[in-house]
Amino acid sequence: MSNFKKVSALLIAMMMIISLAACSGSNNGKNEAGKNEGKGSTNQTDGNKAGDTSKFVKISYVVLGDKPKNGQFEKVLAEVNKRMKEKINAELEWKWVEWADWQTKYNLLLASGEAIDLITIGTDWLDTWGNAQRGAFMNLDDLLPEYAPQTWNSVPEEDWAESKYNGKIVLIPENDYTQWVNHGFFYRGDWAKEAGISEPIKDWQGIGKYLQYVKDNKEGVVPWDAVASTSTWGGYASSYTDQLELPISTGYLPVFTTKSFDEKFTVVSPVFEDTFLQFATLMKEWADKGYWREDVLNNKNDNRSALRAGLSGLDQHHTQTFGGLRVTMDKDQPGSELQMFPFARTGGNNLTELSITHGGTSVGAHSKNPERALMAYDLIRNDEEIYHLINYGLEGVQYEVKDGKRVQPEGYDEAKDAFYADFWGGRVDKFEIPSVTTWDQLEPTLYAEYDKIKKPYPYGQFVFDKTAVEAELTAITQVSGEMGPAITYGKAGDPAQAVEQFRSKLKTAGYEKVMAELQRQMDAYKKLIEG
């Protein structure tokens, strides 16, 4: 047989095989109408291809937070898993990284090689890009369209662009949820009025005046029952500079920022400016005046519980927390009129909108069931019943809906009935039910204030490649953790000497090398954004 005839025969045979395969309805068991006929498989309502679910699997989901202890979470998850079993033949296992030393525990978990399926991420607080660089997350480009089609189709292309590391999607952004997580101090409005403070507090000096009043006039109250695991240095920098935070973790104290919104590509370090010495000096003054406990560095108290009990006069967290705490305080301490001093209020020039990757979800690089994990995520984010269970609990136990708002059922006992899942990986506005436990004046007060000064978040596509400075950045983080708490709470001796020692240790750790590398990459990012 001639070569031509041999090739022709081969081509005919190949065409026949392809034709037979097409007629047999391959495509993972889908027929021409898009119905999945594979054994144990599941149909997606939008007609997208679904995966094989014949084998039952358990899917882990790592979240940040302290595990609830009243048994309600387990009851709710059991209901969620009934639906997961029915829809995708899988079961969710919630795994908690608790707040005690959470930064270390979270990163160690990702570095351990454990077969994590789903995990909460945050590029501006959970070192997501650093962990991506270390290979902690799975590439999702090919998996998302097939196994999480509803999520894939609902996230705009530009938002997927902000979810990539080295050109590959490594996270699913929480891009369709409205929130403000800018931090500030919470203080009692009634005690502020008693102290002669009639206007909203706008600076740290005003907070100091308030704390002094509490110290002098409220017996048995710690003005601020602070714990050393919380640093306020970033808040002070927000108040007294125009600098912008960068999605780069240096542990306890933020070391690197950019100069301002107008000079958003110029990297600076506030710890090497007078602002840091001013902060350290003020914190030493507050410590000497007894605004917090003498043993603050070892304090394990729950400050928020103390505030609710009338035993602490100050708290610190973000706006979303304040919205719920205001209502709680109205019940626990009637007439307290809890107020918030947002750190950005003082200067008003560096409040940026929230990054869409402040929250989100990734699939662990060593996941044994990434396909089913994404199918589970797709249900959490897009199935209204499952979404409400995970975010609100059992209707009739944790909540009821009256006049379009969530209310607590009659006989609700917080200790016995309270529920939370710490799911910050894919909330969506379309399924949110407003709650009477959130202060109804947030929008006309704080939100309206923020809308007047907010600026678009500029670093959504900036990914710092730490390869060249990995060792130096690790050393800087260690210095930050070692000296940061004592400086923050005025327990490091003379502030000037402590700051100088801190700066010296940062330089020894490789501060200048990291600064140069960061600026080099920021220059490249500027070209990417501005062309």
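Test Leu307, Leu314, Val296 against Trp224 for side chain to side chain contact (heavy atoms under 4.5 Å, CB included) and you get one pass: Leu314. Among the candidates Trp94, Phe73, Tyr61, Tyr420, the single residue satisfying the side chain to side chain contact (heavy atoms under 4.5 Å, CB included) test with Ile390 is Trp94.
The residues Glu86 and Arg83 are annotated as not salt-bridged, no charged nitrogen and carboxylate oxygen being separated by less than 4.0 angstrom. Taking the charged nitrogens against the carboxylate oxygens, Arg293 and Asp295 have no contact shorter than 4.0 Å, which rules out a salt bridge. Note on Glu449 versus Arg345: salt bridge recorded, some NZ/NE/NH1/NH2 to OD/OE distance being below 4.0 Å. Here Glu385 does not pair with Lys87 in a salt bridge; the nearest charged N to carboxylate O distance is not below 4.0 Å. Using a cut-off of 4.0 Å between Lys/Arg side-chain N and Asp/Glu carboxylate O, Lys218 and Glu194 are scored as salt-bridged.
The closest side-chain heavy-atom distance from Ile248 to Trp129 is not below 4.5 Å. The shortest side-chain heavy-atom distance between Met138 and Ser367 falls under the 4.5 Å cut-off. Ile121 is not listed as a side-chain neighbour of Thr361, based on a closest heavy-atom distance of 4.5 Å or more.
A donor-acceptor pair under 3.5 Å is absent between the side-chain atoms of Arg406 and the main chain of Gln398, judged by distance alone. A donor-acceptor contact shorter than 3.5 Å is absent between the side chain of Asn349 and the backbone of Phe261. A donor-acceptor contact shorter than 3.5 Å links the side chain of Thr120 to the backbone of Val62. Side-chain atoms of Asn369 never come within 3.5 Å of backbone atoms of Arg372 as a donor-acceptor pair (strictly under, hydrogens ignored). For Asp203 (side chain) and Gly206 (main-chain N/O), a donor-acceptor pair under 3.5 Å exists by modelled atom type.
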task: Please step through side chain to side chain contact (heavy atoms under 4.5 Å, CB included) for the pair Ile433 and Asn391, ending with a clear verdict.
output: CA-CA 10 Å; Ile433 306 174; Asn391 285 278; over 6 Å; no
query: Please walk me through it: do Glu432 and Tyr387 pass side-chain hydrogen bond (donor to acceptor under 3.5 Å, both in side chains)?
result: CA-CA 9 Å; Glu432 287 292 304; Tyr387 183 94; 2.5 Å; yes
task: Take Ser54 and Asn89 through the side-chain hydrogen bond (donor to acceptor under 3.5 Å, both in side chains) test and state the conclusion after the steps.
output: CA-CA 7 Å; Ser54 56; Asn89 197 25; over 6 Å; no
task: Kindly indicate, with the supporting measurements, whether the criterion side-chain hydrogen bond (donor to acceptor under 3.5 Å, both in side chains) is fulfilled by Thr319 and Tyr450.
output: CA-CA 11 Å; Thr319 302; Tyr450 300 160; 2.8 Å; yes
task: Evaluate the side-chain hydrogen bond (donor to acceptor under 3.5 Å, both in side chains) criterion for residues Tyr165 and Thr128: first the C-alpha distance (whole Å), next the side-chain angles of each, then the deciding distance (0.1 Å), finally the verdict.
output: CA-CA 10 Å; Tyr165 178 76; Thr128 296; over 6 Å; no
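Around the CD atom of Glu74, the shell of radius 6.0 Å holds more than 12 heavy atoms that belong to other residues, nucleotides or ligands. Other residues, nucleotides and ligands contribute at most 12 non-hydrogen atoms within 6.0 Å of the CD atom of Glu443. More than 12 heavy atoms of other residues, nucleotides or ligands shown are found within 6.0 angstrom of CG on Asp216. Residue Lys452 qualifies as open at atom NZ: its count of foreign heavy atoms under 6.0 Å is 12 or below. The environment of CD in Glu199 is sparse: at most 12 heavy-atom neighbours from other residues, nucleotides or ligands sit within 6.0 Å.
Aromatic ring centres of Trp439 and Phe322 lie closer together than 6.0 Å. Between Tyr236 and Trp204, the distance separating the two ring centers is shorter than 6.0 angstrom. The aromatic ring centroids of Phe419 and Tyr392 lie 6.0 Å or more from each other. When ring centroids are compared, Trp152 and Tyr147 stay outside the 6.0 Å threshold. Between Trp286 and Tyr489, a ring centre-to-centre spacing not shorter than 6.0 Å is recorded.
One finds the CG atom of Asn175 at 4.5 Å from the CG atom of Asp159 (value rounded to the nearest 0.5 Å). In this structure, the separation between OG1 on Thr123 and CG on Leu126 is 9.0 Å, given to the nearest 0.5 Å. In this structure, CE on Met375 lies 9.5 Å from CD1 on Ile59, to the nearest 0.5 angstrom. Separation of atoms CG (Leu64) and CD (Glu98) is listed at 10.5 Å; rounding is to 0.5 Å. Rounding to the nearest 0.5 Å places CH2 of Trp191 at 11.0 Å from CG of Leu338. In this structure, the separation between CH2 on Trp180 and CG on Leu351 is 4.5 Å, given to the nearest 0.5 Å.
Under the 3.5 Å distance criterion, with hydrogens and angles disregarded, no donor-acceptor pair is assigned to the side chains of Asp225 and Asn303. Judged by distance alone, the side chains of Gln316 and His183 do bring a donor and an acceptor atom under 3.5 Å apart.
Across all their heavy atoms, Leu77 and Leu92 have their closest contact at CD2-O, 3.7 Å.
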